[in-house]
Amino acid sequence: MDHLKFLFDIGQLDWVFKGSSTIENLLSKIVDMVAEYMRSDVCSIYIYDEAKGELVLRANTGLRPPAVGKIRLKPGEGIAGRVFKNNEPVLAADGFAHPDFRYFKGSGEGQFRAFLAAPIVGVAEPVGVIMLQRKENNPFEAQDIQTLRIVASQLASVLENVKIIMSLQHATRGEMPKAPKERLASVFLKGKPSAGGYAFAKATLALGAERFNEIAARSFGGKYGLAELASALEKTENELESLQKVVETKLSDAAAMIFTAHLLILKDRSFVGTMTQAVEKGKNAPEAVIAAGRKYITLFSASTDPYMREKAHDIEDLVTRIIRNLAGVEAGLPPVRDRIAVAGTLYPSELLKLSSEGVRGIVLLSGGVTSHVSILARSLEIPMVIVSDPVASRISDGDQLLIDGELGNLYINPGKDIVAQFQDRIEGEAGSKAPPAMVSVTKTRDGARVLLMANVNLLKDLDQIRALTCDGIGLYRSEFPFIIRKSFPTEEEQYFVYRKLVEGAPGKDITFRTLDIGGDKMPAYWESASKENPFLGLRSIRFSLRHPDIFVQQIRAILRAGVDSRLKIMFPMIFSLEEFSQARSMVLECQAALKAEGMPHHERPQIGMMVEIPAAVEIIGEFVKVADFFSIGTNDLTQYMLAVDRTNEEVADYYIPHHPAVLRAIKRVADAGRAAEKDVSVCGDMANHPGYLKYLIGCGIRTLSVNPAYLAPVQNILGAIDTAEAEALVARLMETGDLAEIAETLLGRERDPAHSRSAPGKTL
Ligand code: PEP
Ligand code: MG
């Protein structure tokens, strides 16, 4: 035979990989190929199963199929076992006469008596054995030993990987004993407050991929057939439909179609068909559901299209729901309702799903407090803490958790005394909350008028505002409907949402911030969702200007919806005069187009900008000549001035809004605005913070925009501030660059000689 050609072909295993959907498939292609080249009737590959200490027949051509996976040999047992143990080939003209021969009944190997077997040795360890068999009248020759050795070495690296993957699958199937998690008793973890409130409930762990893998690892003892599968599918469909309805009524702006992908997949004939056929062939229904799910997840995750990749998450979620409805108690899947969810990371859409399912609280293992998932959790009124302590990853399903979302504390399986301490607050959380009392006009102690506005992330926030004193909407984060949905909303869909916003605050200022996607707010369906350094990338106004079609639709929807309102349009993340004027021109063009179309719209909106990039602070003197108003986004201004990713828990200690550079930047912007008689507001989280409010007032800021939950407390604090004292405080702070001194002055922190840095501390 032509050895060189053979080796070359074996080296080109690519095509085998490409054409194989499963490992089994790949292995069976390999044995076919080897059998053909070695002119052999039978070719078998045994791979060593480390966990069980056995060689397992993993692929075969020529024998009866049920033998695969069934034939298992200890090292030293049978010819394959001997080859493996001694690491030496065996050639036998009549293998049946060999002292180590073992006959496998039912395999049909009786007629293939000529044997040739060689060990497969990987880089690190022995992998298995490759064995050829022919009919007795066609024995192997001595030179074939060398050929098979070469074949085995060519295949070794592939098969070594197969061995690893198979042992992983093994582990995932739960065949290997799992070390039970040690129960955490009365553990206290200090985290970061992400969304206020208290919750005390059992934990439900691991969403998405983790949960799917966990289910896939289970073995289901009960027998579930076609009838059970059909009823589980129907139940899941009904459940999803009613969840979708809940979400649509509660969160009409953001949530449209959030469960639609699930529902569509459930209706996909090939998805359901794959499961049904497998069950018809005798597979237990939970396994059929998992196998179908896995197939689709693999397909979707391999896609280069982020929209398709996002679908993999939908399948993971869907499979979990089907299994819960199918195998009920046996699946042992904890519910979400009335539980505290513990998750590594969360997409905004996942947060929304949890909210619609009645989650009580959330423990997030990574993220920053000013990240947009936190902002959304506040709007959804779900207490949330971010805990990076590795101990939190040892929380098990069913552990009792107590979240103090105000301080960012997490208690795991707390003792009775701790629970008693929180009892009132937890009950207060569950009961109906009366709106806090507020006076009708917000003023400082000495009577300076402050416009106290609200940040709105979801239309739902308007419910809170209605019963409170609020001078308008100082920031509408228009991107949430964009990032939660599965595709960009159309002009009409946006108009519908914006109109509700305008109607929700009649006669008051309404500040629409144009799309601020990017950073940690990239829609999953958008191509560049996974770019590195997204905060420094195509974010915000950069995105809008790069995609004028999307930008124009949004501006048109805003202008139309705001026709009869006190409309303000604000561009985020502006960094140059040219960028501002380009964005402004687009608004003017949209006005002209709407006019030409005879479409009712606002004809003279105020056009302003956010100050959140240090470059904008440096040229604020020029900006005040062109923009109608300013709003300082302290969340981003802090991140960009200090080069600290606002979502990165690792550098959370460096995220210091009272850094003198940030404080001075705020003062400069406030001074420039006052000199030019242009309004400067603050809409970042600094405006929520008791320690910083006095500073902002002292800088001359008279417009603040805060999350609705902070309206009452901020009004209260402002009422205690004296402007002259605040101005004196600012003058004093302008003289110092010492972080510890500033922290002591603003936050009342003790000077700590070992650490001059001070974290921002608790928000209200
Ligand atoms: C800010 O950056 O302070 C701000 C208000 O905008 P966002 O938090 O939405 O980025
Ligand atoms: Mg910002």
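Predicted model, so just to flag it, every value in this text is computed and none were measured. Note that ligands are numbered from 1 as they come in the structure, with each ligand's atoms numbered from 1 the same way.
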Numbered in order shown, the ligand 1 atoms found under 4.0 Å of a heavy atom of Cys683 are 5 (C)
Would you confirm whether the ring centroid of His547 sits within less than 6.0 angstrom of the ring centroid of Phe543? yes
Any idea which of Arg539, Glu612, Arg477 brings a heavy atom closest to atom 5 (C) of ligand 1? Arg477
Tyr476 vs Tyr498 aromatic rings, parallel, tilted or perpendicular, using cut-offs 30° and 60°? perpendicular
Tell me the contacting part of Arg646 for ligand 1: side chain, backbone, both, or neither, using a 4.0 Å heavy-atom threshold, strictly below. side chain
For Arg513, state whether at least one heavy atom is located under 4.0 Å from any atom of ligand 1. yes
Can you tell me how far apart NZ (Lys694) and CG (Leu746) are? Round to the nearest 0.5 Å. 9.5 Å
Testing Phe630, Phe580, Phe512, Phe629 one by one against Phe571 for a ring pair (Phe, Tyr, Trp, His ring centres under 6.0 Å), which residue passes? Phe580
Determine whether the side chain, the backbone, both or neither of Asp685 has a heavy atom under 4.0 Å from any heavy atom of ligand 1. neither
Are side-chain heavy atoms of Val385 and Leu364 found at a separation under 4.5 Å? no
Atom 3 (O) of ligand 1: of Ile375, Asn635, Thr638, Val611, the nearest heavy atom sits on Asn635
Is Lys568 close to Pro605 at the side-chain level, that is, under 4.5 Å between some pair of heavy atoms? no
Taking every heavy atom of Gln639 against every heavy atom of Arg539, the minimum-distance pair comes out as NE2-NH1, 3.9 Å
Heavy atom of Met686, distance to ligand 1 below 4.0 Å: no
Within less than 2.8 Å, report the number of protein N/O/S atoms around the Mg ion (ligand 2). 2
Enumerate the atoms of ligand 1 whose separation from the nearest heavy atom of Leu475 is less than 4.0 angstrom. 5 (C)
Is the NZ or CZ atom of Arg542 positioned over Phe575's six-membered ring, under 6.0 angstrom from the centre and within 45° of the axis? yes
Heavy-atom distance under 4.5 Å between the side chains of Leu729 and Thr745, does that happen here? yes
Is there a side-chain contact between Ile403 and Tyr198 (heavy atoms, below 4.5 Å)? no
Within the structure, does Glu479 bring an N/O atom to less than 3.5 angstrom of an N/O atom in ligand 1? no
Only heavy atoms of Asp636, strictly under 4.0 Å: list the atoms of ligand 1 that pass. 1 (C), 2 (O), 3 (O), 10 (O)
How does Ile632 reach ligand 1, by side chain, by backbone, by both or by neither, if only non-hydrogen atoms under 4.0 Å count? neither
Have Gln553 and Thr490 got a donor and an acceptor in their side chains that come within less than 3.5 Å? no
Strictly below 4.0 Å, N to O, side chains only: are Arg499 and Glu503 in salt-bridge contact? yes
Taking only non-hydrogen atoms of Gly633 and a 4.0 Å limit, the atoms of ligand 1 in range are 1 (C), 2 (O), 3 (O)
